[in-house]
There are 2 protein chains.
Amino acid sequence: MSDPTFAPRPTLEAVAARAGVSRATASRVVNGSEGVRAPLAERVRQAVDELGYVPNQAARTLVTRRNDAIAVVVAEPETRFFTDPFFAQQVRGISRELTAHDNQLVLLLTEGAADYGRVGRYLAGGHVDGALIFSLHSDDSLPVMARKAGVPTVIGGRPSWSDADTLYVDCDNRGGAQVAVRHLLGLGRRRIAHIAGPLDQTASVDRLDGYRDVLPDVDPKLIAEGDFTPEGGARAMGELLDHWPDLDAVFAASDVMASGALRVLRNRGMRVPEDVAVVGFDDITSVADWTDPPLTTIRQNIEEMGRMMARLLLRRLSPLAAVDGAPALSPIVTATQLVVRASA
Amino acid sequence: MSDPTFAPRPTLEAVAARAGVSRATASRVVNGSEGVRAPLAERVRQAVDELGYVPNQAARTLVTRRNDAIAVVVAEPETRFFTDPFFAQQVRGISRELTAHDNQLVLLLTEGAADYGRVGRYLAGGHVDGALIFSLHSDDSLPVMARKAGVPTVIGGRPSWSDADTLYVDCDNRGGAQVAVRHLLGLGRRRIAHIAGPLDQTASVDRLDGYRDVLPDVDPKLIAEGDFTPEGGARAMGELLDHWPDLDAVFAASDVMASGALRVLRNRGMRVPEDVAVVGFDDITSVADWTDPPLTTIRQNIEEMGRMMARLLLRRLSPLAAVDGAPALSPIVTATQLVVRASA
DNA sequence: CTGAAAGCGCTAACAC
DNA sequence: GTGTTAGCGCTTTCAG
């Protein structure tokens, strides 16, 4: 049996020969550039079809230095990446935007810092034109690697350092948190607890800051740290109740954690929202709409943020961006919005 | 401000010059081939470090025709891909195996047949050495594209066609289903329903066949088709109960669907397993262990199957595989195992 | 054991 | 408009 791998793929040379033109002309037709007379172009196209010609990307990349591929790097154990709907939505937004611009999404999974070397090599190897990096923890070295590798990058979420030419997309975490807490205050709640995300991520810190902005003198025991999982939310809720059995509201830094908190509340026989009002963050419909009761939460348009990341990167990559006088690119911070359901 | 993108990356030529050797020798050192005298090799390595040299993949690929990258293509709406723990586990297995062999995993997402063209082009463009394709529906054209593109492929799950040189990895769906149903029979159950997966996938058909093997004369109304989601499982359970209010057992073609069925059963006030015994399929711990009651199910080692897919493909790609007398590669069908918990 | 030289397939000046 | 030509950065015979 012949090995299909070794079936030599036709080259541009072959196409040109068959169409009776030069390689250059064939290349022009294949790349859709103007200024090839119609009949010639037609002959080339036909040859392409007959031969089933597909350009060799490696050869093309070698000269153009472009891949039309973008890496998405997630600095998070695969488990959470796959489990948390947050990523799914963001990746979908990215995927759609990239696809619309004929760019291929290349998802690079990391199971932990041990994989960073491999990812760094991949980026430095010039496989992709740019990178979208996610879910940074404060010590994260991925963006540094990308920069060293000369790969333009946009970061999902505000990075912990600040730096004039670091591009990122984030939502107004602090403002959203303030709105959440004020909503609870407006409901007459006075013992408002907070379930924070892991505090090595800026999103968690910003949401905590927003909470503190509104409640400056709050007892530290009203704050517990979760890890953006339902279990973490449940655990935090438990701690909170141990210290403050009579708390009357909880603002959780994510819907997923809020769902865990809800479970604990129910198990302990506390009614939501009568005894304890609960507000989440994210508005992940598959979670917030499904909990019992449905979750009041702070919406951020996650898919749209994914799109924006991709768009920002693509613009950064565009030759136009390098021209003097082109508008400078800057980070994007999107607005959030309170969504009132039954839990608060 | 200087644009980091345009910082020219050092070439092998530069490394060679700095080390005072020829490009050929530098290449040998970089690629770890034998037969370069130690002191020379050392000088080259030092030059590499000092310059921060990383080989240009495009150039390398152009001559070696290898990418050391494997595509994973999922023919499933992103939504399910991200939601269903099944994929997460399989991808993890693949990822680990590929990483161990210094291959990069490139995940290609498709939102539907509209994206197939793009994926086909990507495969044909020679970006990857091979492809792992998942979740085929009977009309699926992805494997055909891969073959046309000359990209060696291993399929996850038995494909609907049969073909001597199509490689796949699957579990013994039919046998597993038989065991599940016999277990239910052994429990004294006599009105055993089945919640099937979408019948355009072989896994669903095979599990249904297994059920029918044991229960050849079953009433068609005891079979309902789901879609591998909890909601689908719930809907199917509803239909089943409408026709057979007194059924005493259900075999669901996946744990995820079983979890939906469990919810419906509870809502209708039926006790599990007293009134209705339930058996799932997959043994996805995050689901089966968490349901109430925990699910009796048929275990397949999903992560290991992912590993096997990767290993099979890598072997297929290895130069050794092309040698005459090399062992022929063949599809792999893994055994399943009954795991008894509380639901049956 | 090391170096010189010939491409891999393609694009982009530059001529014609 | 179209063809000719010179590389892109690397690996790999083939001499020495």
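Only a predicted model underlies this, so the values are computations on that prediction, with no experimental measurement involved. Chain identifiers are assigned alphabetically (A, B, ...) following the order of the sequence lines, protein sequences preceding nucleic acid strands; residue numbering begins at 1 within each chain.
Under the 30°/60° scheme for interplanar angles, the aromatic rings of H127(A) and Y122(A) are found to lie parallel.
We find the CZ-CD distance between R311(B) and E304(B) to be 5.5 Å, quoted to the nearest 0.5 Å.
Straight-line distance from the CG atom of N56(B) to the C1' atom of dC10(D): 8 Å, rounded to whole Å. Look at CG on L62(A): it is 9 Å from C1' on dG7(D), rounded to the nearest Å. Between Q57(A) atom CD and dC10(C) atom P the separation is 10 Å, expressed in whole Å. In this entry the distance linking NE2 of H127(A) with P of dC10(D) reads 13 Å, nearest Å. In this structure, CZ of R66(A) is placed 16 Å from P of dC10(C), rounded to the nearest angstrom. For R43(B) and dG3(C), the CZ to C1' distance is 14 Å, given to the nearest whole Å. Straight-line distance from the CG atom of D68(B) to the P atom of dC10(D): 15 Å, rounded to whole Å. Rounding to whole angstrom units, CD of residue E42(A) and P of dT2(D) are separated by 14 Å.
Of the candidate nucleotides dC14(C), dG9(C), dT11(C), dC14(C) has the atom lying nearest to any side-chain atom of R28(A). Distances were taken from every side-chain heavy atom of L40(A) (C-beta onward) to each of dT2(D), dG3(C), dG9(C); the shortest belongs to dT2(D). Here the nucleotide nearest the side chain of T64(A), chosen from dC8(C), dT11(C), dC1(C), is dT11(C).
Checked by atom type, the side-chain pair Q46(B)/E42(B) shows no donor-acceptor distance below 3.5 Å. For the residue pair R65(A)/N56(B), the side-chain donor-acceptor check at 3.5 Å is not satisfied.
Contact annotation: S27(A) side-chain N/O to dT11(C) OP1/OP2 distance is under 4.0 Å. A close approach under 4.0 Å does occur between a side-chain nitrogen or oxygen of R60(A) and OP1 or OP2 of dT11(C). Between dT4(D) and S22(A), no contact under 4.0 Å exists linking OP1 or OP2 to a side-chain N or O.
Donor-acceptor pairing under 3.5 Å, judged by distance alone, is present between the side chain of R23(B) and the base of dT11(D).
Applying a 4.0 Å cut-off to non-hydrogen atoms, the residues of residues 44-53 of chain A that approach DNA chain C are Y53(A), listed by residue number.
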Please assess T99(A) against N103(A) for the test side chain to side chain donor-acceptor pair (under 3.5 Å), listing each intermediate value before the final yes or no. CA-CA 5 Å; T99(A) 301; N103(A) 264 318; over 6 Å; no
Begin from the C-alpha positions of L312(A) and Y168(A) and carry the test side chain to side chain contact (heavy atoms under 4.5 Å, CB included) through to its verdict. CA-CA 9 Å; L312(A) 196 53; Y168(A) 65 88; over 6 Å; no
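Side chains of M309(A) and L313(A) form no contact here, defined as non-hydrogen atoms less than 4.5 Å apart.
Nearer the 5' end of DNA chain C, as judged by each residue's closest nucleotide, is the contact made by G35(B), out of A59(B) and G35(B). Summary of the strand contacts: R65(A) and V36(A) both lie near DNA chain D, and taking for each the nucleotide with the nearest heavy atom, the more 5' one is attributed to V36(A).
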